[in-house]
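Heads up, the thing below is written out as structure tokens.
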Amino acid sequence: MAEFIGLSKLYGHVAGLHPDENNTGTGHFNILNVEDLIINGKPKSSSYSRRSFYKVSLIEGKCIVHYADRSIAVDGCALVFTNPSVPYKWEVIGERQFGNVCVFTESFLDKPGILMGFSVFQSADNAVVLLTQEQYIFFKRLFEKMREELHGDYVLKYDYLRHKLLEVIHEAQKLQPEKGEALPVSNGAARIALLFNDLLERQFTIEDPGDVVLLKTPSDFAAKLNVHVNHLNKSLREILGLSTSQLIRNRVLQEARVLLKTTSWTVAEISGCLGFEESNHFSTFFKKTTNLSPLQFRKGD
């Protein structure tokens with residue numbers, strides 16, 4: 001199963017650095033060099049893993065980003081957005097890799113749930129933003145400014161860094177204008193969507209075949225959130241554009257692909273973890289949505 005990597009393990013791969021040095025009081029923030037995370041052409045931590053932190057990576061080179069159930073090739077310049085909920089692996093296939101990695105915890109932004117509204121952190125389809133050379137230079141300057149301020153002595157530097165980090169995220173979102181906007185987290189629908197998403201993601205810390213998803217239907221989530229199921233569905237459609245059932249189904253499908261890809265568990269074990277009473281019900285669900293049986297998907301990976 002995909003391992004879980006915390007900040008201490010990440011910094012254990014970078015000589016002379018320790019995570020406590022960049023704790024801000026409200027969270028963690030740092031800028032690392034891509035080159036410091038690579039040795040002999042491979043990332044120093046190259047396992048398919050979940051992390052305890054968010055990353056925004058500005059890279060130049062040739063690699064493949066394995067994110068959840070997707071593999072995205074990069075040959076040139078790109079921004080890569082990763083979050084703690086989704087396992088990923090960075091596979092270097094070129095001779096050289098350059099760039100910067102911004103490592104931070106959600107608490108650093110001091111706005112709970114704000115990252116939920118950005119599609120670059122929520123979907124494998126949007127997690128890798130390919131850049132032109134001109135766009136790469138633009139983002140490189142933003143990263144350089146963040147590094148400069150991080151090591152400066154401006155008394156409000158962390159407020160400044162929060163602003164710059166959000167600028168990077170917004171500028172990346174602007175390159176995908178048809179995708180979602182940041183949530184207006186003050187309204188009721190957004191609050192319900194935030195709580196729903198938190199409940200949904202907490203279900204999928206599946207680390208062994210004995211872990212089982214307990215909330216399986218819109219009614220289950222509505223009862224947990226103490227709202228009527230119709231109100232939950234309306235709120236999610238308003239904020240996320242999908243029904244409660246669609247969001248649950250999409251997340252179950254994503255986790256099914258991850259488990260088939262990263263474990264040797266049987267189809268019956270995976271179906272049980274995901275809340276299916278019978279493995280044939282899981283196989284029918286999987287084939288209906290992917291046109292492949294679970295075993296076909298595993299063998300073809």
Side-chain angles (χ1 to χ4, degrees), residues 1-6 48-54 67-70 82-88 105-107 112-119 121-125 127 183 189-229 231-233 235-237 239-263 265-279 281-286 288-290 294 297:
M1 181 54 190
E3 66 174 315
F4 190 82
I5 293 177
Y48 194 78
S49 313
R50 301 179 197 268
R51 274 71 167 176
S52 67
F53 45 85
Y54 287 81
Y67 187 90
D69 57 310
R70 305 291 296 277
T82 51
N83 75 62
S85 301
V86 182
Y88 62 91
T105 55
E106 186 172 18
S107 57
I114 189 173
L115 295 175
M116 177 187 166
F118 295 108
S119 61
F121 282 113
Q122 301 303 322
S123 167
D125 293 327
L183 292 179
R191 184 183 64 83
I192 289 174
L194 172 62
L195 293 172
F196 168 82
N197 190 69
D198 182 59
L199 275 179
L200 183 64
E201 288 302 329
R202 271 194 270 159
Q203 296 251 92
F204 294 102
T205 52
I206 298 175
E207 298 179 350
D208 67 62
D211 294 332
V212 179
V213 167
L214 298 177
L215 305 178
K216 297 180 280 189
T217 68
S219 295
D220 292 337
F221 281 91
K224 195 74 173 177
L225 295 170
N226 198 29
V227 298
H228 193 280
V229 67
H231 183 53
L232 173 62
N233 199 50
S235 297
L236 295 179
R237 281 193 177 278
I239 299 301
L240 302 176
L242 295 172
S243 70
T244 313
S245 295
Q246 287 172 317
L247 290 164
I248 295 170
R249 184 173 63 248
N250 290 349
R251 190 62 182 87
V252 168
L253 179 62
Q254 177 182 301
E255 195 70 11
R257 287 169 162 165
V258 169
L259 293 173
L260 288 166
K261 183 175 184 179
T262 64
T263 74
W265 303 350
T266 67
V267 171
E269 287 174 325
I270 292 173
S271 68
C273 287
L274 297 178
F276 291 86
E277 294 182 1
E278 302 289 341
S279 61
H281 294 166
F282 167 67
S283 296
T284 299
F285 158 81
F286 193 88
K288 183 177 180 180
T289 50
T290 67
F297 176 83

For this session: Using the test side-chain contact (heavy atoms from CB on, under 4.5 Å), find all partners of A256 that sit at least two apart in sequence or belong to another chain.
Result: L274, F282, F286
Seminar exercise, completed: Heavy-atom nearest pair, A268 first then S279, reads CA-CB, 3.9 Å
For this session: Determine, stepwise, if the pair R249 / L253 fulfils side chain to side chain contact (heavy atoms under 4.5 Å, CB included).
Result: CA-CA 6 Å; R249 184 173 63 248; L253 179 62; 5.5 Å; no
Problem set entry | Contacts of type side-chain contact (heavy atoms from CB on, under 4.5 Å), residue H228, not counting sequence neighbours | N230, H231
Problem set entry | Distance in Å, S271 OG paired with W265 CH2, rounded so as to fall on 0.5 Å steps | 12.0 Å
Seminar exercise, completed: Rounded to the nearest 0.5 Å, the CG atom of N83 sits from the CD atom of E106 at a distance of 9.5 Å
Exercise. Between CD1 of I192 and CG of N226, what distance do you get to the nearest 0.5 Å?
Worked result: 10.5 Å
Problem set entry | Spacing of L200 atom CG and T244 atom OG1 [to the nearest 0.5 Å] | 10.5 Å
For this session: Give, for atom CZ of F204 and atom CG of D211, the distance between the pair rounded to the nearest 0.5 Å.
Result: 12.0 Å
Problem set entry | Within-4.5 Å side-chain heavy-atom neighbours: I270 and F276 | no
Exercise. Taking only residues two or more places apart in sequence or in another chain, which ones pass side chain to side chain donor-acceptor pair (under 3.5 Å) with Q246?
Worked result: S243
Problem set entry | Least distance between heavy atoms, P294 atom then V267 atom | CB-CG2, 3.9 Å
Problem set entry | For Q203, the option from V252, I248, L214, V212 that meets side chain to side chain contact (heavy atoms under 4.5 Å, CB included) | L214
For this session: Check side-chain contact (heavy atoms from CB on, under 4.5 Å) between N250 and all other residues, then give those that pass, not counting sequence neighbours.
Result: L242
Exercise. Do the non-hydrogen side-chain atoms of L260 and R257 ever get within less than 4.5 Å of each other?
Worked result: no
Seminar exercise, completed: Value for CD1 (I206) from OG1 (T262), rounded to nearest 0.5 Å, stands at 10.5 Å
Problem set entry | With sequence neighbours excluded, residues passing ring-ring contact (aromatic ring centres under 6.0 Å, His included) with F121 | Y54, F81
Problem set entry | Beyond-backbone contact of L232 with F196, side-chain heavy atoms, under 4.5 angstrom | yes
Exercise. Residues in side-chain contact (heavy atoms from CB on, under 4.5 Å) with V229, at least two apart?
Worked result: P218, S219, A222
Exercise. Is the closest side-chain heavy-atom distance between R251 and L247 below 4.5 Å?
Worked result: no
Seminar exercise, completed: Taking every heavy atom of L236 against every heavy atom of A193, the minimum-distance pair comes out as CD2-CA, 3.7 Å
